[in-house]
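Pasting a structure here, questions to come.
Count residues from 1 along the sequence. Keep in mind it's a predicted model, so treat the numbers as computed, not measured.
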Amino acid sequence: MNDDTQHIKKTFHVETHDAGTRIDQYLSAQFPDFSRNTIQQWIKQNAVKIDGHNTKSKQILKGFELISLDVEIEQSVADKPQDMSLDIRYEDNHLLVINKPAGLVVHPGSGNPDGTLLNGLLALSEAQKMLPRAGIVHRLDKETSGLMVVAKEAECQLKLIDMLKDHHIERTYCCVVKGVIKKPGRIETTIGRHPTQRVKMAVTAKGKQAVTHYWPSEHFQNFTVLRVQLETGRTHQIRVHMHHLGHPLVGDPVYGNKNRVSASVDNELKDIVRQFPRQALHAQKLAFTHPISDKQIQVTAPLPDDLCHLLDDLYEFDRPDAENDGFEVEYVE
């Protein structure tokens with residue numbers, strides 16, 4: 001194996017609930033960072049075997065099979081490295097945790113060909129070039145700030161992907177929503193692509209299960225600070241669920257009218273809220289068992305300046321009456 005390839009060797013025991021699934025579909029779910037076409041090429045190259053035998057992409061699984069994968073992958077990332085000041089909150093030989101600022105796009109794409117987190121990761125080391133998506137295993141929206149875990153080697157990346165899929169990584173967020181929420185709650189819906197506005201997600205009957213837990217940390221006269229934990233990780237999940245509850249995030253340009261502010265809000269605060277430049281959402285804590293060392297990892301990131309200023313303004317202009325204030329601020333530092 002030369003310096004431009006990465007060797008992946010892995011086995012899977014097919015569960016009964018996967019019976020009836022094509023082998024290429026099954027492997028696509030195990031390797032979400034690779035295209036279906038790439039996985040079909042692995043199968044054609046006989047890098048995938050079922051119970052020790054070569055197979056075809058259309059092979060239907062019956063359950064209880066042993067799937068083995070043994071493949072060499074050429075350099076996965078063609079994007080160019082770009083030196084970037086990254087706020088690394090934790091790092092070891094296998095992974096790192098980054099505090100992403102608002103405004104930084106995670107992956108190159110239409111309108112963002114470079115200057116992304118991925119480009120910055122490529123500049124950290126040559127090893128990141130060998131990994132799908134430079135080791136990224138989950139994402140945050142461009143205007144959401146906070147913590148992301150990134151793998152530094154293939155084995156760790158695959159295990160982190162499995163941990164996310166099995167809900168074994170605790171992700172805690174802080175957000176500011178419109179309206180008053182006084183009690184903790186749990187939201188369980190299905191989320192899918194919006195039927196008419198394709199850039200949006202929505203609560204739909206044909207979507208995938210999405211579960212969000214939330215706790216009020218501080219309530220004001222017209223706004224609430226929430227601590228939120230994701231049980232699943234659907235696209236825009238917190239933003240969609242809060243909008244579904246009737247409490248959209250302050251500053252959210254997609255889910256909720258940014259300019260729609262309660263008439264009872266102080267006039268100066270109305271302008272502040274309407275001009276807040278992004279959804280008021282910050283990924284504040286990651287907690288998980290290290291996939292290689294089994295060490296317990298807990299990483300936190302303080303609220304960024306823009307959210308701190310917003311909270312200061314809420315304290316000044318929207319503080320509830322003392323007799324109605326039943327909450328204490330609970331922020332992870």
Side-chain angles (χ1 to χ4, degrees), residues 138 140-141 143-147 164-192 194 200-258 260-262 264-265 273 276 278-288 298 300-301 303 307 310-311 314-315 318-333:
H138 63 121
L140 293 176
D141 297 334
E143 299 300 345
T144 297
S145 58
L147 298 172
L164 282 164
K165 184 170 61 177
D166 295 335
H167 318 313
H168 291 160
I169 297 181
E170 180 183 309
R171 292 170 286 172
T172 304
Y173 294 73
C174 175
C175 66
V176 183
V177 301
K178 296 178 180 178
V180 176
I181 300 176
K182 292 191 174 183
K183 295 181 179 180
R186 178 181 185 272
I187 312 170
E188 180 173 1
T189 69
T190 51
I191 289 179
H194 192 286
K200 295 176 64 173
M201 306 300 287
V203 173
T204 64
K206 295 183 179 180
K208 295 181 179 180
Q209 182 198 37
V211 181
T212 302
H213 303 265
Y214 60 90
W215 298 263
S217 294
E218 178 80 356
H219 76 282
F220 299 90
Q221 293 182 42
N222 297 280
F223 301 91
T224 305
V225 180
L226 295 178
R227 176 167 59 91
V228 181
Q229 283 189 354
L230 291 178
E231 187 172 317
T232 57
R234 307 305 174 203
T235 301
H236 298 173
Q237 180 172 318
I238 294 175
R239 299 165 66 189
V240 171
H241 270 169
M242 290 301 110
H243 177 261
H244 182 67
L245 280 185
H247 295 281
L249 272 62
V250 168
D252 196 326
V254 178
Y255 303 98
N257 187 336
K258 282 186 62 173
R260 185 175 297 165
V261 182
S262 172
S264 61
V265 173
V273 169
F276 195 75
R278 67 177 181 104
Q279 61 264 14
L281 179 62
H282 178 66
Q284 199 165 34
K285 184 177 79 169
L286 285 177
F288 56 93
Q298 180 171 301
T300 60
L303 294 181
L307 280 178
L310 176 62
L311 292 177
L314 293 177
Y315 278 114
D318 204 50
R319 192 75 174 140
D321 295 334
E323 63 267 23
N324 295 324
D325 188 3
F327 297 102
E328 294 181 355
V329 179
E330 181 184 349
Y331 300 136
V332 180
E333 295 296 341

CG-NE2 distance between L249 and H236, expressed to the nearest 0.5 angstrom:
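Answer for the CG-NE2 pair, L249 versus H236, is 12.0 Å.
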
When rounded to the nearest 0.5 angstrom, what is the spacing between CG in D141 and OG1 in T235?
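One finds 8.0 Å between CG of D141 and OG1 of T235.
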
Using a cut-off of 6.0 Å, state whether more than 12 heavy atoms not belonging to K208 lie near its atom NZ.
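Atom NZ in K208 is not packed in, count stays at 12 or less.
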
Determine whether a donor-acceptor pair (N or O, by modelled atom type, separation under 3.5 Å) exists between the side chain of K178 and the backbone of R260.
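Yes, K178 side chain to R260 backbone: donor-acceptor pair under 3.5 Å.
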
Establish, from distance only, whether the side-chain atoms of T144 and R239 form a donor-acceptor pair under 3.5 Å.
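No.
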
So W215 and T172, side-chain contact (heavy atoms from CB on, under 4.5 Å) or not? Walk me through it.
CA-CA 11 Å; W215 298 263; T172 304; over 6 Å; no

Donor-acceptor under 3.5 Å (Y255 side chain, M201 main chain)
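Judged by distance alone, yes, a pair lies under 3.5 Å.
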
If we ignore angles and hydrogens, is there a donor and acceptor under 3.5 Å between the side chains of Q237 and T232?
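Yes, T232 and Q237 have a side-chain donor paired with an acceptor closer than 3.5 Å.
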
Main chain of I191, side chain of R234: is a donor-acceptor contact present, judged purely on distance under 3.5 Å?
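Here the side-chain-to-backbone pair does not exist.
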
Of all heavy-atom pairs between H168 and F288, which one has the smallest distance, and what is that distance?
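Nearest pair, atom of H168 first, then F288: O-CB, 3.9 Å.
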
Mind listing the closest non-hydrogen atom pair of S145 and R278 along with its distance?
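Smallest heavy-atom distance, with atoms named: OG-NH2, 3.2 Å.
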
Spacing of OG1 belonging to T212 relative to CD1 belonging to I187, to within rounding of 0.5 Å:
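Answer rounded to 0.5 Å: 5.5 Å.
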
For C175 against V228, the heavy-atom pair lying closest together:
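That would be SG-CG2, 3.8 Å.
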
Polar side-chain atom of H167 near backbone of E231 as donor-acceptor pair, under 3.5 Å:
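Between the backbone of E231 and the side chain of H167 there is a qualifying donor-acceptor contact (under 3.5 Å).
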
For the student: nearest non-hydrogen atoms of G192 and T204, plus distance
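So the two residues come closest at N-OG1, 3.5 Å.
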
Could you check whether atom NE2 of H244 has more than 12 heavy atoms from other residues, nucleotides or ligands sitting under 6.0 Å from it?
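12 or below, so no.
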
Can you name the nearest heavy-atom pair linking H282 to A301, along with the distance?
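Nearest heavy atoms, H282 then A301: NE2-O, 3.1 Å.
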
Are Q279 and P253 side-chain neighbours, meaning at least one heavy-atom pair lies under 4.5 Å?
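Yes, side chains in contact.
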
List for me each residue that meets salt bridge (charged side-chain N to carboxylate O under 4.0 Å, His left out) alongside E170, sequence neighbours excluded, and say none if there are none.
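E170: salt bridge (charged side-chain N to carboxylate O under 4.0 Å, His left out) contacts with K285.
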
Atom CZ in R186, atom NE2 in H241: separation rounded to 0.5 Å?
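That separation rounds to 10.0 Å.
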
Side-chain contact, heavy-atom cut-off 4.5 Å: L140 with Y173?
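The answer is yes; the side chains approach within 4.5 Å.
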
Is a side-chain donor or acceptor of K200 paired with a backbone partner of V240 at a separation under 3.5 angstrom?
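Looks like no, no N/O pair under 3.5 Å.
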
Under the side-chain contact (heavy atoms from CB on, under 4.5 Å) rule, what do C174 and L307 come out as? Steps first, then yes or no, please.
CA-CA 10 Å; C174 175; L307 280 178; 5.6 Å; no

Working to the nearest 0.5 Å, report the span between CG of L230 and CG of L164.
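Nearest 0.5 Å value for the CG-CG distance: 10.5 Å.
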
Give me the atom names and distance for the closest heavy-atom approach of H243 to G256.
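So the two residues come closest at CD2-N, 3.8 Å.
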
Trace of the side-chain contact (heavy atoms from CB on, under 4.5 Å) decision for R227 with Y214
CA-CA 6 Å; R227 176 167 59 91; Y214 60 90; over 6 Å; no

Please walk me through it: do V265 and V273 pass side-chain contact (heavy atoms from CB on, under 4.5 Å)?
CA-CA 10 Å; V265 173; V273 169; 5.5 Å; no

Could you tell me whether the side chain of T224 and the main chain of G179 form a donor-acceptor pair under 3.5 Å?
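Indeed, once roles are kept as given, a pair shorter than 3.5 Å links the two residues.
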
So how far is it from H219 NE2 to L226 CG, rounded to the nearest 0.5 Å?
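Spacing of NE2 (H219) from CG (L226) equals 12.0 Å.
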
